[in-house]
Amino acid sequence: MKVKNVKKEGFLQVKHAATGQEALQVVMESHMDVIVLDVMLPDSDGFEVCRQMRLYTDAPILFLTARDTDLDKYLLSLKTTNTRIRVNQRS
């Protein structure tokens, strides 16, 4: 998702991170209203980054993915459900 396109839709304060580590740093330093997180990051798994982000924010996190096989969709569903269960257990 391009920052330019998001700003064009009226979101004025948009932060971008190319890696999971950069994303965690941004979350630790800034208040986020919503986070859009890619499942496939160059340096880490998006689900693990999400778990780490939850230590610093309760902002909604939307996952994006380019995965499109039936197996990928099934695995994504399992990981998403597993992440929700963990988050709910902490609440």
Side-chain angles (χ1 to χ4, degrees):
M1 178 177 291
K2 294 184 178 181
V3 172
K4 176 175 71 171
N5 294 344
V6 175
K7 286 185 176 182
K8 197 170 164 183
E9 291 298 321
F11 296 94
L12 302 177
Q13 294 184 7
V14 179
K15 304 210 184 244
H16 174 267
T19 67
Q21 191 60 39
E22 287 177 23
L24 285 171
Q25 193 64 38
V26 169
V27 166
M28 287 189 286
E29 295 172 354
S30 308
H31 168 76
M32 299 286 131
D33 292 322
V34 67
I35 298 167
V36 179
L37 182 61
D38 195 338
V39 172
M40 297 183 297
L41 297 165
D43 64 341
S44 55
D45 174 44
F47 293 100
E48 180 55 35
V49 173
C50 176
R51 282 189 282 280
Q52 293 174 24
M53 284 181 172
R54 283 291 172 235
L55 300 173
Y56 303 98
T57 184
D58 61 352
I61 298 176
L62 305 173
F63 282 98
L64 294 181
T65 183
R67 296 179 180 177
D68 63 354
T69 69
D70 287 340
L71 178 59
D72 287 333
K73 291 175 186 174
Y74 175 73
L75 293 174
L76 177 62
S77 176
L78 284 177
K79 284 186 174 184
T80 302
T81 300
N82 205 8
T83 300
R84 284 184 188 152
I85 290 168
R86 285 191 190 122
V87 169
N88 287 335
Q89 287 175 341
R90 284 198 309 250
S91 299

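Distance check, rounded to the nearest 0.5 Å: CE of Met28 to OG1 of Thr57 gives 12.0 Å. Considering CG of Asp38 and CG of Leu62, their distance stands at 12.5 Å, rounded to 0.5 Å. Note: Glu48 CD to Leu41 CG = 11.5 Å, rounded to the nearest 0.5 Å.
Between Val49 and Ser44, the closest heavy-atom pair is CG2-OG, 3.2 Å. For His16 against Ala18, the heavy-atom pair with the smallest separation is CE1-N, 3.9 Å. Nearest approach of Thr19 to Pro42, heavy atoms of both residues: CG2-CG, 4.0 Å.
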- Task: Kindly determine whether Gln52 and Val27 satisfy side chain to side chain contact (heavy atoms under 4.5 Å, CB included), including the steps that lead there.
- Result: CA-CA 10 Å; Gln52 293 174 24; Val27 166; over 6 Å; no
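Partners of Glu22 by salt bridge (charged side-chain N to carboxylate O under 4.0 Å, His left out), not counting sequence neighbours: none found.
Counted within 6.0 Å of CD on Gln13, heavy atoms from surrounding residues, nucleotides or ligands total 12 or fewer; the atom is thus considered open.
Gln21 and Gln25 share no side-chain donor-acceptor pair at under 3.5 Å.
Of the possible polar contacts, one joining the Arg54 side chain to the Ala59 backbone as a donor-acceptor pair under 3.5 Å is found.
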